[in-house]
There are 2 protein chains.
Amino acid sequence: MTYENQLQKLRNYYRRNNDLPTYDEMRELFQYKSKSTAFYAINKLITAGFLKRKGHKIIPGKNFLGMPYFQSVKAGFPGPAEEEANDRMSLDQYLIEKPNSTMLIKVKGDSMINVGINDGDIVIVERTANANPGQIIVVNLEGEFTVKTLRKTGRKFFLDAENPEYPSLPLDGYASHSLVGVVKGVVRKY
Amino acid sequence: MTYENQLQKLRNYYRRNNDLPTYDEMRELFQYKSKSTAFYAINKLITAGFLKRKGHKIIPGKNFLGMPYFQSVKAGFPGPAEEEANDRMSLDQYLIEKPNSTMLIKVKGDSMINVGINDGDIVIVERTANANPGQIIVVNLEGEFTVKTLRKTGRKFFLDAENPEYPSLPLDGYASHSLVGVVKGVVRKY
DNA sequence: TATTAATTAGAACAAATGTTCTATATAATT
DNA sequence: AATTATATAGAACATTTGTTCTAATTAATA
């Protein structure tokens with residue numbers, strides 16, 4: 001069984017269990033007859049940087065989790081080999097910087113369509129006490145989460161939709177505690 | 001140390017190590033003097049569904065990973081207690097259905113701005129052999145990944161930008177193997 | 001206050017697990 | 001073909017780790 005094949009089996013196992021197998025489970029997974037063989041196979045994956053040791057345990061290493069990530073456009077015509085990304089990225093890690101104060105909210109309506117936030121998208125919201133003009137924020141207006149851009153004209157604050165069909169709402173009357181948080185990201189699934 | 005406090009420490013540990021601590025590490029983490037105390041504490045988290053057993057090991061359970069997720073808008077005015085989501089969601093799991101054939105590509109340019117794909121966004125691409133008209137796809141045009149909508153007019157295929165300033169490209173001359181895959185999602189970070 | 005329940009500690013145990021060692025088979029190289 | 005290197009097997013070992021048991025402490029309830 002090849003190198004990449006073992007790696008893929010480990011990744012699939014990890015996705016199912018959110019944990020790596022024991023050497024005995026690896027023996028079965030890789031179809032070896034001895035778990036020491038699995039031990040030596042894992043050593044190579046550790047050397048290659050896909051896994052690492054933590055005490056007596058094996059945990060994911062640098063290039064184990066996430067998906068192949070192509071950041072920059074290539075110059076020249078790439079052969080199929082060049083299409084192999086060496087970088088991997090997890091969307092959770094990329095998008096969520098403060099996991100202990102982050103929440104996800106599904107967006108309803110097309111009031112933010114001009115900044116690329118569509119109906120059904122999910123926004124990544126970081127709970128904060130304050131927000132600055134220009135930021136896209138989530139406010140709790142009469143029990144509903146609402147996504148708007150915070151703007152300041154003169155000394156008045158407004159909640160602006162990013163869609164000319166929607167009105168601009170002055171923030172008077174809404175207590176400051178209606179702020180839920182600041183939008184740090186958006187995701188959409190087709 | 002409270003329930004939620006322990007859970008948060010475990011989540012933070014898991015984010016750092018992509019693995020759960022041993023009972024002895026938990027004893028330290030929870031500031032107990034005996035690891036059997038940690039054992040009993042974990043039993044409660046297992047009963048509550050945050051963790052589960054797999055053989056002799058403990059692995060994340062249903063509501064351990066991911067972020068609080070607010071799917072539906074609430075009716076009526078919610079108190080602060082109602083803002084606690086019981087559902088959690090991982091963005092990786094939500095967006096990536098076929099991890100073994102998925103790649104991430106950073107988008108350059110604003111040619112797809114009318115469907116909410118902006119410059120700097122990252123698209124989730126599922127590698128496929130074929131694509132259907134109407135789908136947003138990634139093609140390899142002379143060594144560059146390009147995001148376009150596949151359209152069919154009569155019996156001719158076109159690569160359409162979603163921005164009136166860009167031309168529609170007939171697919172003649174591009175071999176079918178230039179297809180990289182179908183766009184299954186988009187993410188953006190502010 | 002008295003009594004019960006729940007939490008924590010500490011020691012001890014058993015089983016699973018990681019790891020090493022030796023030997024054999026397979027593949028690669030000279 | 002001979003030799004070296006690599007991969008696999010199997011047994012044995014040491015330790016870690018999960019788990020249980022008993023006892024003491026603290027909190028909750030009657």
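Chain naming here is simple, since letters A, B, ... match the order of the sequence lines and numbering starts at 1 in each.
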State, to the nearest 10°, the angle formed by the axis through the first five base pairs of the helix from C/dT1-D/dA30 to C/dT30-D/dA1 and the axis through its last five.
-> 40°
Quick one: B/Gln31 CD to C/dA9 C1', roughly how many Å, whole number?
-> 16 Å
Rounded to whole angstroms, how far apart are OH on A/Tyr32 and P on D/dG10?
-> 14 Å
Verify whether one side chain among A/Asp160 and A/Ser168 offers a donor that lies under 3.5 Å from an acceptor in the other.
-> yes
Do the side chain of A/Asn163 and the main chain of A/Asp110 share a donor and acceptor less than 3.5 angstrom apart?
-> yes
Nearest-angstrom distance from the residue atom CE of A/Met26 to P of D/dT8 = 15 Å
Let me see the working for B/Asp121 and B/Arg188 under salt bridge (Lys or Arg N to Asp or Glu O under 4.0 Å), right down to the final yes or no.
-> CA-CA 5 Å; B/Asp121 288 2; B/Arg188 181 183 316 136; 3.0 Å; yes
Nucleotide C/dT24, atom P - distance to NZ of A/Lys33 in whole Å = 16 Å
Counting primed atoms, P, OP1 and OP2 as sugar-phosphate and everything else as base, the B/S/- map of nucleotides 14-21 of chain C against protein heavy atoms under 4.0 Å is --SBBBBB
Does a side-chain N or O from A/Ser34 land closer than 4.0 Å to OP1 or OP2 of D/dT8, or not?
-> no
Partner of B/Thr102 by side chain to side chain contact (heavy atoms under 4.5 Å, CB included), out of B/Arg127, B/Lys184, B/Glu97, B/Glu126 | B/Glu126
B/Arg27 atom CZ is separated from C/dT7 atom C1', nearest whole Å, by 17 Å
Hey, is the main chain of A/Glu25 close enough, under 3.5 Å, to the side chain of A/Thr22 for a donor-acceptor pair?
-> yes
Looking at B/Lys44, does any N or O in its side chain come under 4.0 Å of the phosphate oxygens OP1/OP2 on C/dA6?
-> no
Cluster overlap A/Tyr69 with A/Phe64, hydrophobic side-chain contacts below 4.5 Å = no
Would A/Leu104 end up clustered with B/Ile122 when hydrophobic side chains under 4.5 Å apart are linked, directly or stepwise?
-> yes
Same apolar cluster: B/Val186 and A/Ile113, side chain cutoff 4.5 Å | no
Taking only nitrogen or oxygen atoms into account, show me every contact under 3.5 Å that the protein makes with nucleotides 24-27 of chain D, one pair per line with its distance.
none

Expressed in angstrom and rounded to an integer, what is the separation of A/Asn43 atom CG from D/dT8 atom P?
-> 13 Å
Please say whether the positively charged group of B/Lys189, taken as NZ for Lys or CZ for Arg, lies over the ring of A/Tyr94, i.e. under 6.0 angstrom from the six-membered ring centre and within 45 degrees of the axis.
-> yes
Specify the separation, in whole Å, of atom CD1 of B/Ile42 and atom C1' of D/dT17.
-> 14 Å
